[in-house]
Amino acid sequence: MGEVEKVFLSGLREKLVEDKVIDESQLEPGFAKEIVKYGGKDVMTCLQCGNCTGVCPISLKIDYKTRSIIKYCQFGLKTLTLGTQWVCATCYRCYEHCPADINPAEVMIALRHIAIREGVIPPFIKVAAANLVKYGQSVKPDLEVEKIRKELDLEDVPSRGAEYAKVIKEINVLVHAVGYDKLIGIEEEVKA
Ligand code: SF4
Ligand code: SF4
């Protein structure tokens, strides 16, 4: 299918989008503008220099290549793009090294906004969102940690106090009022 893999000395592989055969029906004109609408910069000004991939801590480890994603965006390959951006750590290293001032991190955030509205939400994001609404933090409080804190004579974690419960209630009211719970599919968690 014309797909070429670049194999690095470390054994990591990068699938090169420019060597893939792209079916015209996969292209969505206007995708670059949609990214701008959701807070990203104009991906059409990307030079494809590859600096972003070179400095990205995630790109070094897995098959996630910042430059390739920006290229998908330029082509309007929306379906290939949505779903890839969740692994971005938003560390902004790519931004520091981008000669075109694209800020790929913000592009990834814009892609997340678009993905949510398209209903492309990985289960772990739903879990993190539900935890945020229930506990005020994206990770569920760990009872084992609380036990250890007690043994060490440390203060209770704040999420156990009455004041905190009041704050959580307010968060619930807010996420429901703005429709965040419906958008992300966690209405049941908010009601609970
Ligand atoms: S560093 Fe900037 S210009 Fe270079 S490929 Fe990445 S986004 Fe494009
Ligand atoms: S912000 Fe995301 S894409 Fe940019 S370097 Fe960090 S992990 Fe990679």
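Each ligand, and each atom within it, is numbered from 1 in the order the structure gives. Scope of the values below: all heavy atoms of this structure, side chains included, with no hydrogens, waters or symmetry mates.
- Protein heavy atom nearest atom 6 (Fe) of ligand 2, with residue, atom name and distance: C91 SG, 2.3 Å.
- Heavy atoms of I58 come nearer than 4.0 angstrom to ligand 2 in at least one pair.
- Counting protein heavy atoms only, atom 8 (Fe) of ligand 1 is closest to C46 SG, 2.3 Å.
- Proximity to Y92 (heavy-atom distance under 4.0 Å) selects the following atoms of ligand 2: 1 (S), 6 (Fe).
- Listed by number with element, the atoms of ligand 1 under 4.0 Å from a non-hydrogen atom of Q48 are 5 (S), 8 (Fe).
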(message) Run K78 and V120 through side-chain contact (heavy atoms from CB on, under 4.5 Å) and show every step you take.
(response) CA-CA 11 Å; K78 192 170 180 174; V120 186; over 6 Å; no

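- Around the CD atom of E151, the shell of radius 6.0 Å holds more than 12 heavy atoms that belong to other residues, nucleotides or ligands.
- Considering each of G54, S68, C52, C98, the one bringing a non-hydrogen atom nearest atom 2 (Fe) of ligand 1 is C98.
- At a heavy-atom cutoff of 4.0 Å, ligand 2 is contacted by no atom of Y95, backbone or side chain.
- Remark: D101 CG to D42 CG distance equals 11.5 Å, nearest 0.5 Å.
- No side-chain donor-acceptor contact under 3.5 Å links R67 to the backbone of T53.
- Against a heavy-atom cut-off of under 4.0 Å, T66 is close to the following atoms of ligand 2: 3 (S).
- The distance from atom CE of M108 to atom CD1 of I69, rounded to the nearest 0.5 Å, is 4.0 Å.
- Of all protein heavy atoms, the one lying nearest to atom 3 (S) of ligand 1 is L47 N, 3.3 Å.
- In terms of protein heavy-atom proximity, atom 4 (Fe) of ligand 1 is closest to C49 SG, 2.3 Å.
- Rounded to the nearest 0.5 angstrom, I171 CD1 and K134 NZ are separated by 14.0 Å.
- The option with the heavy atom closest to atom 7 (S) of ligand 2, from among A105, C94, A89, P104, is A89.
- Using a 4.0 Å cut-off to heavy atoms of R67, the atoms of ligand 1 that qualify are 5 (S).
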(message) One pair to check against side-chain contact (heavy atoms from CB on, under 4.5 Å): F31 and I114. What are the steps and the verdict?
(response) CA-CA 10 Å; F31 187 41; I114 296 167; 4.0 Å; yes

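- A distance-only check finds a donor-acceptor pair linking the side chain of Y164 to the backbone of Y135 [under 3.5 Å].
- The proximity of T90 to ligand 2, defined as any non-hydrogen pair under 4.0 Å, is limited to the backbone.
- Note on ring orientation: taking the six-membered ring where Trp is involved, the planes of H113 and Y38 are parallel (angle under 30°, cut-offs 30° and 60°).
- Within ligand 1, counting atoms from 1 as listed, the ones closer than 4.0 Å to a heavy atom of N51 are 1 (S).
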